[in-house]
Amino acid sequence: MYVCSCFAVTEKQVKEHAEAGACTPRQIASACKAGTDCGSCVRRIQAILGRGNCPRRELLDQGMPALTAEVAAVEDLAEGLSEAA
């Protein structure tokens, strides 16, 4: 079922982005544009994400990257630094 009609984003896609670490509607929007046009889907996205049910919330609270892509970038940077040393 579509959550965002403007960008044809499905509930399944929103859940996949959430599993990859997106914990807020803003992070979902960054991942797939859902919620960035008319905004009528933002409440539905919030409902899908739930309150406080983010599996990576502890990382965010510690100031660490929580999105899969961010974690990979930090790991690549650390690897590059260790190779340079």
Side-chain angles (χ1 to χ4, degrees):
M1 172 172 15
Y2 286 110
V3 172
C4 176
S5 299
C6 298
F7 294 104
V9 178
T10 65
E11 185 173 333
K12 179 182 176 188
Q13 289 172 301
V14 171
K15 288 179 180 180
E16 287 171 353
H17 290 302
E19 288 173 8
C23 297
T24 65
R26 183 172 286 173
Q27 290 173 335
I28 295 293
S30 294
C32 63
K33 294 187 180 181
T36 61
D37 194 28
C38 77
S40 66
C41 60
V42 174
R43 289 187 187 260
R44 178 70 183 130
I45 292 169
Q46 289 172 327
I48 292 169
L49 295 175
R51 286 195 181 218
N53 293 334
C54 178
R56 299 170 193 239
R57 176 66 61 192
E58 288 181 25
L59 292 174
L60 291 173
D61 291 343
Q62 296 170 8
M64 302 286 290
L67 298 178
T68 305
E70 292 174 342
V71 172
V74 169
E75 289 172 353
D76 288 347
L77 178 62
E79 184 178 307
L81 291 174
S82 68
E83 289 176 0

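Taking the side chain as every heavy atom from C-beta outward, His17 and Val14 never approach each other to under 4.5 Å. Proximity of Leu49 to Pro25: side-chain heavy atoms (C-beta onward) are separated by under 4.5 Å at one or more points.
Considering only residues two or more places apart in sequence or on other chains, Cys41 meets the side-chain contact (heavy atoms from CB on, under 4.5 Å) condition with Val3, Cys4, Ile45. Residues passing the side-chain hydrogen bond (donor to acceptor under 3.5 Å, both in side chains) test with Thr10 are Gln13, sequence neighbours excluded.
Identified under the side-chain hydrogen bond (donor to acceptor under 3.5 Å, both in side chains) test for residues 36-45, with sequence neighbours left out: Glu11-Arg44.
A chain of hydrophobic side-chain contacts below 4.5 Å, direct or via other Ile, Leu, Val, Met, Phe, Trp or Tyr residues, connects Val9 to Ile48.
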